[in-house]
2 protein chains.
Amino acid sequence: MDDKDFKQTKAEFIAQWGVLGSSWGINRTMAQIHAYLMMAVEPVDTNEIMQELKISRGNANSNLRDLAGWGLIRRVTYPGDRKEYFEAEKDVWTMFCTIARERKRREIDPALQLLQSSSKQSFKKNDPEQQLFASQTKALAEFVQTADLVLDKVARSEESKVLPFLIKRFR
Amino acid sequence: MDDKDFKQTKAEFIAQWGVLGSSWGINRTMAQIHAYLMMAVEPVDTNEIMQELKISRGNANSNLRDLAGWGLIRRVTYPGDRKEYFEAEKDVWTMFCTIARERKRREIDPALQLLQSSSKQSFKKNDPEQQLFASQTKALAEFVQTADLVLDKVARSEESKVLPFLIKRFR
DNA sequence: CTGAACTTTCAGTAAATACTGAAAGTTTTG
DNA sequence: CAAAACTTTCAGTATTTACTGAAAGTTCAG
């Protein structure tokens, strides 16, 4: 594969990764920046990202900030160089744990809170509608709590190096 | 809890569930309709949904269609009644399996396809950038494949009745 | 076949989300 | 301290996504 083909393959990959990202809840540009950084051998500065992905400085800046907020990329600086560079976590299991931890915090915890507070009301025992509401919210709360717990166990960084092997055995 | 309080609690729950849904990739209305149906004792028709959630016929129709497409709700008809009613799957584990199956089909499979086709190109062994691209896409492909497999195992309906107990033990 | 009962579609519009680029802010250097 | 090098913010705008409601479509009873 010659260099020209490679550049094209890579660009195509990054573009497509963005499309996939947006079919999740992730914005296209953020997914593309992440893909770009995952495939970068060395840390990259904002200008390079702007040029390669054809996006504005503001857009690059805010998506990089968000990615750093998720813990998926790190800011890197070199002594004697005032620019900031960015570098992605490249280990997929570490990435998975990071994402799991953040999603738990941002999505699971609020859901659990709503479900628990809803299910802990007092209801009329003779009203089937109230009974259903009570039992459904309770069942959902328990489910989410279980999911939470599993993610917790799985996303502890110590175990995350064992887990891949365990799971492969499990096939 | 009197009936008025209950109505309010339920409405608040449905509204909030919608907010949570949209912090995932799910649209607010769809999440609300689903919540409404999960908490409904009997099958519900389009008009009731329109009134209760204050949405248009078109909106109700298309979100109901999509929910049915996900397999999260069923269409119900009664002999001698021309209207269609809708009813949600209420068992949370069955719901989970359904969602897992659909997400696999809609999100995991396309990602896997992209990753596999990208990682199966031939690369220059002496170019570190090409090497990184090759190894990253391969690692991602393997990860996604594993996730896929785990979901597959978990989302088989037979086992889904055992799994909750298993996981509770695991605490 | 006709019309009532119901469902679906879709052009137009509203709302939410993402993006731009210039201005303001910050840090460092000479 | 001034100016250069860089980063952040944010008002305005573009793009995407969701929603409305009326019209078209479908099914069925008489």
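The structure displayed is predicted, hence computed values, not measured ones. Below, each value reflects all heavy atoms present in this structure, side chains not excepted, and no hydrogens, waters or symmetry copies.
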Seminar exercise, completed: What one should report as the nearest heavy-atom pair of A/Ala31 and A/Gly18 is CB-CA, 3.9 Å
For this session: Using heavy atoms to find the nearest nucleotide of DNA chain D for A/Asp81 and A/Gly58 separately, return the residue whose nucleotide is more 5′.
Result: A/Asp81
Exercise. Once you round it to whole Å, what is the distance between P of D/dA18 and CG of B/Asn61?
Worked result: 16 Å
Seminar exercise, completed: Ranking B/Arg57 and A/Asn59 by the position along DNA chain D of their nearest nucleotide, the one closer to 5' is A/Asn59
For this session: Just say parallel, tilted or perpendicular for the rings of A/Phe96 and A/Trp93, cut-offs at 30° and 60°.
Result: perpendicular
Exercise. For B/Phe133, is the NZ or CZ atom of B/Lys138 found under 6.0 angstrom from the centre of its six-membered ring and inside 45 degrees of the ring axis?
Worked result: no
Exercise. Rounded to the nearest 0.5 Å, how far apart are OG1 of B/Thr137 and CE of A/Met39?
Worked result: 6.0 Å
For this session: Assign each of A/Gly80 and A/Met30 to its nearest nucleotide of DNA chain C by heavy atoms, then name whichever residue's nucleotide is nearer the 5' end.
Result: A/Met30
Problem set entry | Salt-bridge present (A/Lys124, B/Asp2; N to O < 4.0 Å) | no
Problem set entry | Most 5' of B/Phe86 and A/Asn63 on DNA chain C, judged by nearest nucleotide | B/Phe86
Seminar exercise, completed: Those residues at least two apart in sequence (or on a different chain) that pass side chain to side chain donor-acceptor pair (under 3.5 Å) with A/Gln16 are none
For this session: Tell me what A/Thr29 touches on the nucleic acid: a base, only sugar-phosphate, or nothing, going by heavy atoms under 4.0 Å.
Result: sugar-phosphate
Without placing hydrogens or testing angles, list every side-chain donor-acceptor pair under 3.5 Å for residues 54-71 of chain B, not counting sequence neighbours.
unit_1: B/Ser56; atom_1: OG; unit_2: B/Asn59; atom_2: N; d: 3.2
unit_1: B/Arg57; atom_1: NH2; unit_2: B/Asn47; atom_2: OD1; d: 2.8

Exercise. First and last nucleotide of DNA chain C in contact with chain B, 5' to 3', at under 4.0 Å to a heavy atom: what are they?
Worked result: C/dA4 to C/dT9
For this session: Tell me, please, which residues at least two apart from B/Val76 pass side-chain contact (heavy atoms from CB on, under 4.5 Å).
Result: B/Pro43, B/Tyr78, B/Tyr85, B/Glu87
Exercise. Hey, what do you get for CZ (B/Phe123) to OG1 (A/Thr9), rounding to the nearest 0.5 Å?
Worked result: 6.5 Å
Report, one pair per line, the protein and nucleotides 25-30 of chain D atoms (nitrogen or oxygen only) whose separation is under 3.5 Å.
unit_1: D/dT27; atom_1: O2; unit_2: B/Arg82; atom_2: NH2; d: 2.5

Write down the protein N/O and nucleotide N/O pairs, taken from nucleotides 15-17 of chain D, whose separation is under 3.5 Å; answer none if there are no such pairs.
none

Exercise. Is A/Arg28 atom CZ crowded by more than 12 heavy atoms from other residues, nucleotides or ligands, each under 6.0 Å away?
Worked result: no
Problem set entry | Distance, nearest 0.5 Å, that separates CE of A/Met95 from OG1 of A/Thr98 | 8.5 Å
